[in-house]
Engineer: 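What follows is a single structure, and I will ask about it in a moment.
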Amino acid sequence: MEGVDNNETAVESGEERRNFSLSFLSDRHILAPWILLALTGTTVTILSIYHVQSVMASWGIFGFSFDDSWIHVQYARTIFEGRAWEYAWGIPSTGSSGPLWSIILSPIFLFGTSHDSVVTSVLFISSILYILNTIVVGEIVRQHTGKWEFGVLAQVVFVLIPRNAGLMLSGMETPLGMLTLFLALLLLNKKEWKYDIALGIVVGFAYLCRPEFVLVAAIAFPTRMVLTLKREGLQKRRILTLFSMFVVAALVVLPWVLHCLNTTGLPLPDSYYSKMRWGVSDDGINLWNIYWYEFWLRTEPYLILGFTGGFILALKGRPYEFLLSVALFALYRLTMPGMSLLFAARYLVPLFDILGVAFVSGLAIALQRFLRDKGSKKPLRPSEKTLLSLVLISILFVPSLMQYNHFVTVHANQASNIEEMQVTLSLWIRENVPVNSTIATYDVGALGYFAEGVVLDLYGLVTPLILHNLTHPFDQAGHLREINCTYVMFYVEWFNYIRSGIVYHGGDTSILFQVHLDDNVVCGTDNMAVYEIAWS
């Protein structure tokens, strides 16, 4: 066996000199892997962006695929105008699910406020962040596996994960939120004390992008402390730096928490309370079980292999992908199993992305170990083991490619729906409703940006009074009469929700303008209208 080992060592040594050993790829050059992954990450992401925008162009659409994207834009404009977080004039709000995203977007108004100017600016920023995400994904996997080849494969997998490309370019906070999450994963695997404070900053930013990313501080931080103290023992300086992670993260989020407390008396933003008020229903749980256990895990094997790969990484002393994927899965299942499936399951994309990283990393480690056959007379060369592993992992991801193409089309369809319904109705209101009128609505995104008046959100996301004090339709209608609100933009099929209250308070309604969608995939119903209220 010793002779075989020596022979394998010699083969590997020669192979390392002959294969994949260009000087610029050598690990002796610290920046070389980053340069390579930056080039490949930029290339595959630009191809992804080009594909998504080409499909959008084929639909004749230029816009955002979610009405909520305009909420972020409206908050960005209020920051730019010096009246931060007043979604509607004079009404302080905590409805942003990603306040850091709105802060990042606020300078875009230097280039104008028109529809096309805003969409172009947001897509440009999103594209830059999307590229950075792909680069960091490659580096995470390279560090996990020790091979740049798997980093490149992970980059390809990342841009092809169904829903990911469209959501990165949707105008939502996803590209910024995922970048903070991936940077946290990158730093968590750095054992030195100097990364502790940086982790606190990054994780604080992560929470300001998506509230559920607080799981990084709640789960990954304590795990890092335990592993570090087990490895290094009780060292005073290290204990201080580990606690600094929590302190720095808390200081980063403190201004936003104080704003929430000052506005609503509650520590979390209204984006959280508005979603959680529906609770967990049996129908939601059943839908969750159907999608996960009867469809996704069967048709997209990378998902179940992502959990498996995360467990393999945990056994290698890198538990963070596994812990975060399990935690996110449990969080969505226990708190919003039905709602997390809405809008093409956009809320689950961070989980899918982490599973993609764990899928490539864990399987690469497992396959490399499995193919290390020292008992063979002619063992596989390192480059052969790497190539075979790359092929096997790629084959396992192939079933997801059809879903990728499907969801790029869904992204274009969603953008078409938002432009034809919410944006069209909002522009009609701007042109036909008297300036400074109060307009009530159930979908507040585009209307809040385009209307030249005060917008009242009957869902409550950006109007705290409605969410916390006026949840019954009769109470809402009474408030509309008190403030003399005479215009409502609402889904036709759901309008009886508020009409009964309006009639009760002596009002009558008539339709001024209506839009119908034949291919609706994202709006609440197929029909939406602008109503005028005549109060008796």
Side-chain angles (χ1 to χ4, degrees), residues 67 70-71 74-75 77-78 81 83-96 259-266 269-275 277-278 422 425-426 428-514 524-525 528-536:
D67 191 48
W70 288 104
I71 295 179
Q74 172 64 358
Y75 278 123
R77 184 166 66 174
T78 65
E81 293 174 348
R83 53 185 186 94
W85 315 121
E86 286 189 359
Y87 191 86
W89 280 98
I91 305 177
S93 170
T94 69
S96 176
H259 168 71
C260 293
L261 287 170
N262 185 58
T263 303
T264 65
L266 298 168
D270 280 351
S271 57
Y272 169 82
Y273 298 108
S274 65
K275 293 179 176 63
R277 63 180 169 174
W278 304 114
Q422 279 86 349
L425 288 169
S426 300
W428 185 92
I429 287 174
R430 188 173 69 180
E431 296 297 324
N432 295 277
V433 169
V435 176
N436 298 325
S437 297
T438 298
I439 308 107
T441 187
Y442 191 81
D443 250 2
V444 76
L447 179 62
Y449 182 80
F450 290 109
E452 295 181 351
V454 177
V455 174
L456 190 70
D457 177 16
L458 296 178
Y459 181 74
L461 177 61
V462 300
T463 308
L465 177 67
I466 299 296
L467 178 63
H468 300 291
N469 302 102
L470 301 173
T471 56
H472 195 278
F474 279 33
D475 295 331
Q476 293 178 353
H479 180 66
L480 296 186
R481 177 167 187 141
E482 288 177 10
I483 63 175
N484 194 33
C485 174
T486 54
Y487 298 96
V488 179
M489 189 177 96
F490 218 92
Y491 291 115
V492 173
E493 290 84 347
W494 296 351
F495 189 60
N496 281 335
Y497 164 83
I498 191 68
R499 187 204 303 272
S500 57
I502 293 173
V503 172
Y504 175 81
H505 286 282
D508 190 22
T509 61
S510 58
I511 292 179
L512 299 179
F513 183 66
Q514 181 173 341
T525 73
M528 199 173 199
V530 178
Y531 296 85
E532 185 175 25
I533 306 174
W535 298 107
S536 61

Engineer: For the residue pair His468 and Tyr273, categorise the inter-ring angle as parallel (less than 30°), tilted (30 to 60°) or perpendicular (more than 60°).
Structural biologist: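 Correct class here is perpendicular.
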
Engineer: For Tyr87 and Ser96, does a side-chain donor sit closer than 3.5 Å to a side-chain acceptor?
Structural biologist: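 Distance-only check fails for Tyr87 and Ser96.
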
Engineer: What heavy-atom pair brings Ile533 and Trp535 nearest, and what distance separates the two atoms?
Structural biologist: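 Where Ile533 meets Trp535 most closely, the heavy atoms are CG2-CE2, 3.4 Å.
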
Engineer: Could I get the full list of side chain to side chain contact (heavy atoms under 4.5 Å, CB included) partners for Ala88, not counting sequence neighbours?
Structural biologist: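 With sequence neighbours excluded, Ala88 shows a side chain to side chain contact (heavy atoms under 4.5 Å, CB included) to Ile91, Val454, given in chain and number order.
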
Engineer: List for me each residue that meets salt bridge (Lys or Arg N to Asp or Glu O under 4.0 Å) alongside Arg430, sequence neighbours excluded, and say none if there are none.
Structural biologist: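 For Arg430, no residue satisfies salt bridge (Lys or Arg N to Asp or Glu O under 4.0 Å) once neighbours in sequence are set aside.
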
Engineer: Please report the interatomic distance CG(Asp475) to CG(Leu470), rounded to the nearest 0.5 Å.
Structural biologist: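 These two atoms lie 6.0 Å from each other.
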
Engineer: Is it true that Tyr459 and Asp443 share a donor-acceptor pair across their side chains at a distance under 3.5 Å?
Structural biologist: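 No, no side-chain donor-acceptor pair sits under 3.5 Å.
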
Engineer: Once you round to the nearest 0.5 Å, how far does CD1 of Ile502 lie from CZ of Phe474?
Structural biologist: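 Between Ile502 CD1 and Phe474 CZ, I get 10.5 Å after rounding to 0.5 Å.
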
Engineer: Under the criterion ring-ring contact (aromatic ring centres under 6.0 Å, His included), I'd like the reasoning laid out for Phe495 against Tyr531: C-alpha separation, chi angles, the key distance, then a yes or no.
Structural biologist: CA-CA 10 Å; Phe495 189 60; Tyr531 296 85; 3.7 Å; yes

Engineer: Check Thr94 against Pro269 and note the closest heavy-atom contact, atom names and distance.
Structural biologist: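 What the structure gives for the nearest pair is O-CB, 3.1 Å.
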
Engineer: Let me confirm one number: the CG-SG distance from Asn262 to Cys260, rounded to the nearest 0.5 Å.
Structural biologist: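 Answer rounded to 0.5 Å: 10.0 Å.
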
Engineer: Could you give the distance from CE (Met528) to CE (Met489), rounded to the nearest 0.5 Å?
Structural biologist: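 Interatomic distance, Met528 CE to Met489 CE, rounded to 0.5 Å: 4.0 Å.
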
Engineer: Measure the spacing between NE2 of His479 and SG of Cys485 and express it to the nearest 0.5 Å.
Structural biologist: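 That separation rounds to 8.5 Å.
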
Engineer: Is the number of heavy atoms from other residues, nucleotides or ligands under 6.0 Å of Tyr497 OH greater than 12?
Structural biologist: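 Above 12, so yes.
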
Engineer: Roughly how far, to the nearest 0.5 Å, is OG of Ser437 from CD of Glu532?
Structural biologist: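 If I round to the nearest 0.5 Å, the distance is 9.5 Å.
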
